[in-house]
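Sequential numbering from 1 along the given sequence is applied to the chain's residues.
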Amino acid sequence: MKERIKELRKSLGLNQTDFGEKIGVKQTTIAGYENGSRQPIDAVINSICKEYRVNEEWMRYGTGDMFVHLNRQQKIAQFSADLFRSEEESFKSRLIMALAELDEEDWVVLEKIAKKIAKKD
């Protein structure tokens, strides 16, 4: 597991401190996991999988893909959950609130704009 924790952290572009902060673990603990002197308890493994959307089978046994592949509904649900955890004045929150206040005519206009943007790519 030590190799997988390090591989995951590096694939996320995080240092040990930042990786550990998101799951409530200190840098020294992450270092211990990565050098094999410590083994993560189930709660830590679950936190890693939940926070970083990691396939638990991969994390525990090295089988399957590193990350969980979400379908459209799951992605929307995850985005919503992340939004509720974010700061109320974040750009994402302000954007979603603005979208929530659109009427049907506004949605038609927005769709036209999105199509124009997509054609430019």
Novice: Could you walk me through whether Ile113 and Lys116 pass the side-chain contact (heavy atoms from CB on, under 4.5 Å) test, one step at a time?
Specialist: CA-CA 5 Å; Ile113 292 169; Lys116 283 183 182 182; 5.7 Å; no
Novice: Identify the two heavy atoms, one from Trp107 and one from Leu102, that lie closest to each other, and give their separation to 0.1 Å.
Specialist: NE1-CB, 3.4 Å
Novice: Do Asn55 and Cys49 pass the side-chain contact (heavy atoms from CB on, under 4.5 Å) test, and can you show the C-alpha distance, the side-chain angles, and the key distance before you say yes or no?
Specialist: CA-CA 6 Å; Asn55 175 354; Cys49 293; over 6 Å; no
Novice: Answer yes when Arg53 and Asp82 have at least one side-chain N-carboxylate O distance shorter than 4.0 Å, and no when they do not.
Specialist: yes
Novice: Over all heavy atoms of both residues, which pair between Ile5 and Pro40 is shortest? Give the atoms and the distance, please.
Specialist: CD1-CG, 4.0 Å
Novice: Determine, using the 4.5 Å side-chain heavy-atom cutoff (strictly less than), whether Met66 and Leu14 are members of one ILVMFWY cluster.
Specialist: yes
Novice: Output, in order, the C-alpha distance, side-chain angles, deciding distance and verdict of side-chain contact (heavy atoms from CB on, under 4.5 Å) for Gln78 and Gln74.
Specialist: CA-CA 6 Å; Gln78 186 64 54; Gln74 290 169 322; over 6 Å; no
Novice: Answer yes or no: is there a donor N or O on one side and an acceptor on the other, between the side chain of Ser80 and the main chain of Ile76, under 3.5 Å?
Specialist: yes
Novice: Is it the case that the side chain of Arg38 and the backbone of Thr29 share a donor-acceptor pair, with hydrogens and angles ignored and the cut-off at 3.5 Å?
Specialist: no
Novice: For Glu7 and Trp58: C-alpha separation, side-chain torsions, deciding distance, then whether side-chain contact (heavy atoms from CB on, under 4.5 Å) applies.
Specialist: CA-CA 11 Å; Glu7 180 183 349; Trp58 179 85; 3.8 Å; yes
Novice: Where do Arg4 and Arg60 come nearest, in terms of heavy atoms and distance?
Specialist: NH2-O, 2.9 Å
Novice: Do Leu70 and Phe79 belong to the same hydrophobic cluster, where Ile, Leu, Val, Met, Phe, Trp and Tyr are linked whenever their side-chain heavy atoms lie under 4.5 Å apart, directly or via other members?
Specialist: no
Novice: State plainly whether one hydrophobic cluster holds both Tyr61 and Leu8, where clusters connect Ile, Leu, Val, Met, Phe, Trp and Tyr through side-chain heavy atoms under 4.5 angstrom apart.
Specialist: no
Novice: With a 4.5 Å cut-off on side-chain heavy-atom distances among I, L, V, M, F, W and Y, is there a chain of contacts connecting Phe67 to Ile48?
Specialist: yes
Novice: Does this structure show an ion pair linking Glu34 with Arg9, if we count only N-O contacts that are shorter than 4.0 Å?
Specialist: yes
Novice: Val108 and Ile117: same hydrophobic cluster, using ILVMFWY side-chain contacts below 4.5 Å?
Specialist: no
Novice: How close do Ile23 and Val44 get, heavy atom to heavy atom, and via which atoms?
Specialist: CD1-CG1, 4.2 Å
Novice: Can you confirm if the aromatic rings of Phe19 and Tyr52 lie within a centre distance of less than 6.0 Å?
Specialist: yes
Novice: Would a distance-only check, ignoring hydrogens and angles, find a side-chain to backbone donor-acceptor pair under 3.5 Å from Ser47 to Ala43?
Specialist: yes
